[in-house]
There are 2 protein chains.
Amino acid sequence: MTERKENIINQALKLFAENGYINTSTNKIARAAGVSEGLIFRHFTNKQGLLDVIVEVGLKDAESFVLQLTKIQDPREVLSVSLELPKYLIGRQREFWQLYHSLKYQNPEFARKYKESDLISKLTSVIDNAFRELRYEHPGEEAAFFLLIIGGMFSLLTKEETGNEEAADMLRFIKSKYRL
Amino acid sequence: MTERKENIINQALKLFAENGYINTSTNKIARAAGVSEGLIFRHFTNKQGLLDVIVEVGLKDAESFVLQLTKIQDPREVLSVSLELPKYLIGRQREFWQLYHSLKYQNPEFARKYKESDLISKLTSVIDNAFRELRYEHPGEEAAFFLLIIGGMFSLLTKEETGNEEAADMLRFIKSKYRL
DNA sequence: GTCTATATCAGGATAGAC
DNA sequence: GTCTATCCTGATATAGAC
């Protein structure tokens, strides 16, 4: 991967996240990356191709996190770490996750295209297992509820501003609720 | 409000929700509404003006729901009805709420413009009060958490497909968790 | 209130040279 | 791999007639 190519990806991600995918012209991207517009098309075929690369790279992070999760033995620890997922991911790539969620809301096809569901179902089963080991009465439902909470944490954190502190408080509160 | 004007609003809402605001041209709207393109601009000045009207109308529904909420005495009932808010609103205007959330994610300014925060803070205080009356130890944090849950229900319901049934199960589960 | 026609403009994409 | 120049399309918005 040449430096210029990488530059295009980084600048595009930044602009897509700030202003939205559609609102960001290839022209703007080229200027931000200090590169000619044509080069974008050489490397990525079209604007969509550029987005595809960005998303694939970004999702790898989440995949590796979930993979780590499967290696944890203690069920309490599994739940506790799961709750940290939004904070962890957004801490590393806030821009990407903002972009990701906005696109997902906009276009239902989107999540399917990048096989997000595989990731979710793996995460769900790990959490389900944890509740099962902890002898919760309705582990399946608990897991679904837990995922809803994780999703909520994501929203909280994505909404910058006061979101960060608010989320930290929330995290503490949830952990105490579950005795983690 | 003339019939044609109303038609423009309805068709625009439908198309905006389906394909996104930016992806929907005034041309498409005009054709869908069986109306000339110029008429849109006569009535709404520009495309943004059309969106403004749609959002203002749509939000009134949520406002009136929250207003009803303030009139309920029994705190358990307050919580229970609050949880129904997503289902109620989306049941009445699924398209609108899909549009609303996608725009909100896309553009942080968006929610501010239409004073969504007023609505949220009113809802929060009602819920906070309920937990206070129920003698919960940390009513403020409980209320914030409860709002996170409500937000999660919204996401669940917005994602059509199997979302509906899943959400019904979730609702039942949450209510039993809170003994409502 | 409504339509038709059209001006204007910007974005995505391509061609060809280096 | 990279740049410059350029084409083409489609979208917003306006003007003027009815």
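Bear in mind that the values here come from a model prediction, so they are computed numbers and not experimental data. Below, chain A is the first sequence line, B the second, and so on; all start at residue 1.
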Roughly, in whole Å, what's the span from [atom1] in [X] to [atom2] in [N]?
X	N	atom1	atom2	answer
A/F41	D/dT4	CZ	C1'	15 Å
A/I8	C/dA13	CD1	P	14 Å
A/R42	C/dA15	CZ	P	10 Å
A/L50	C/dG11	CG	P	16 Å
B/F44	D/dT12	CZ	P	15 Å
B/L39	D/dT12	CG	P	16 Å
B/I40	C/dC3	CD1	C1'	13 Å

Is any side-chain N of the basic residue among [X] and [Y] closer than 4.0 Å to the acidic one's carboxylate O?
X	Y	answer
B/E63	B/K60	no
A/E56	A/K115	no
B/K122	B/D118	no

Practice item. Taking only heavy atoms on the protein side, list every residue of residues 15-31 of chain B lying under 4.0 Å from any atom of DNA chain D, sorted numerically. Key: B/T24, B/S25, B/T26
Practice item. Any chance you could measure A/Y21, atom OH, to A/L103, atom CG, to the nearest 0.5 Å? Key: 8.5 Å
[X] side chain, from C-beta outward: closest of [options]:
X	options	answer
B/E37	D/dC3, C/dA13, D/dA13	D/dA13
A/V35	D/dC3, C/dC3, D/dT2	D/dC3
A/K47	D/dT12, D/dT2, C/dA13	C/dA13

Point to revise | Side-chain donor-acceptor contact under 3.5 Å, A/N7 with A/E3 | key: no
Point to revise | Flag side-chain contact, heavy atom, 4.5 Å: B/K104 against B/Y114 | key: no
